[in-house]
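All remarks here apply to the structure that follows.
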Amino acid sequence: MSLANGRRYLAIPGPSVMPDRVLQAMQQAAPNIYTGPLIDLTASLIPDLKTVAGTKHRAAIYIANGHGIWEAALSNTLSRGDKVLVLATGRFGIGWGEMAAAVGIQTEVLDFGLHSTLDLDRVKAALIADTAHEIKAITTVHVDTSTSFRNDIKALREAIDATGHPALLMVDCIASLGCDEFQMDAWGVDVMISASQKGLMTPPGIGFVFYNPKAEEARAKVDVVSKYWDWTPRGNPQEYYEYFGGTAPTHHLFALREALNMLVHEEGLANVYRRHATLAKAIWAALDAWGVGSSIEMNVKDPALRSHAVTSVKIEAPLGTALRDYLSENLGVTLGIGLGMAAGGTPEWHGYFRIGHMGHVNAHMVLGTLACIDAGLKALDIPHGDGALDAATRVIAQA
Ligand SMILES: *Cc1c(COP(=O)(O)O)cnc(C)c1O
């Protein structure tokens, strides 16, 4: 029978659950965009966004999803014909590189596959081989949402510096910002991008580019930057409309203000990161238990390399799809599909699922999801090890 009625829960890795306070903040009439409170509210977002990013440099806001922000970062730093070194540990790393290739940037792709983090020796070798310094920028992801690898960006910067190569380091934090600690300045990142709908608990539709003085120097050398994508007026607006190159995304700004109040000013980022880490450990403990003597396994074996915001899981095909369908039809929980792990339309595609645990997520939401997965495994007679819920609640109890 269906037990799905009640508050439904979307446990996919973005869009994430929006807090009621964030939803309520949008429940108001359109504000004036020329004078009045919106002007100060917008200015107040910038220091808080920089705090989350770990930077004292500039931030630009765009009305775009993550794909748009990928393009924004590329178009301010690279000219057609320039070369970028693309470091991929999953679908999203590859995707940013495809975006670069589509606008005429040459891409050298180091694809570390779906089961590995960055191999820094290969990165160093590629940079050392580039004696003419044709590589102008390196793109990578902090957390790849498809594989759920969390790459060590500080170590990447150290590896780049060890070669003396001057390329810009550009990092996608769309799935990690506000979930896993990120320190843009301390880790030597030149350009960092993110978007609103994951750890930042705000509807999809706005995104962010953070850039340092070295990136501004690169911007000055780019031959053509379209007026709309140019980060210069957005990051340093003389008039209010320049923040957005036109009408402000008014209600997204109300939502983001409330979300940043919660993350930065109330819970505090250190606690936000601890909450995500602990909830992730509860999920991994359950998966370890289910995996004993079964086909269930996490994609990332080393806990130190796992995202605290999303967990990618393999299970014998077609049981991933069967489990997802059962949970959403009967139990009111929707799990994520396995993105980029197997080609769509193949039997293997049905052998994956992901659990999103980013943003406005607490113990009861995670334990409820795990209990629903446990019920689904039983209902569908899917072989699995025992004791998953016990293992997860022990993690929570010891936190
Ligand atoms: C979600 C995501 C994107 C794409 O964002 P869209 O808003 O769907 O365009 C890019 N990179 C990463 C790491 C993501 O998690």
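Because only heavy atoms are used, hydrogens play no part in the values below, and waters and symmetry mates are left out as well, while side chains stay in. Atoms within each ligand, like the ligands themselves, are counted from 1 in listed order.
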Pairs under 3.5 angstrom only: tabulate donor-acceptor contacts from the side chains of residues 383-391 to other protein residues two or more places apart or in another chain.
residue	atom	partner	partner atom	Å
His384	ND1	Ile382	O	2.7
Asp390	OD2	Arg394	NE	3.2
Asp390	OD2	Arg394	NH2	3.1

Show me, pair by pair, the donor-acceptor contacts under 3.5 angstrom made by side chains of residues 6-17, not counting sequence neighbours?
residue	atom	partner	partner atom	Å
Arg8	NH1	Ser328	O	3.3
Ser16	OG	Gln197	O	3.4
Ser16	OG	Lys198	O	2.8

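- One distance of note links CZ of Phe244 with CD1 of Ile61; it measures 4.5 Å at 0.5 Å rounding.
- Annotation: His57 is not in aromatic contact with Tyr211 [ring centroid separation under 6.0 Å not met].
- Aromatic pair Tyr62/Trp231: centroids not less than 6.0 angstrom apart.
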Give a table of atom pairs where an N or O of ligand 1 lies under 3.5 Å from a protein N or O.
residue	atom	partner	partner atom	Å
ligand 1	7 (O)	Gly66	N	2.7
ligand 1	7 (O)	Gln197	NE2	2.7
ligand 1	9 (O)	Asn65	OD1	3.4
ligand 1	9 (O)	Gly66	N	3.1
ligand 1	9 (O)	His67	N	2.8
ligand 1	9 (O)	His67	ND1	2.5
ligand 1	11 (N)	Asp172	OD2	2.7
ligand 1	15 (O)	Thr145	OG1	2.4
ligand 1	15 (O)	Lys198	NZ	2.6

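- Sorted by first and then second residue, the ring-ring contact (aromatic ring centres under 6.0 Å, His included) pairs involving residues 302-331 (not counting sequence neighbours) are Trp284-His308.
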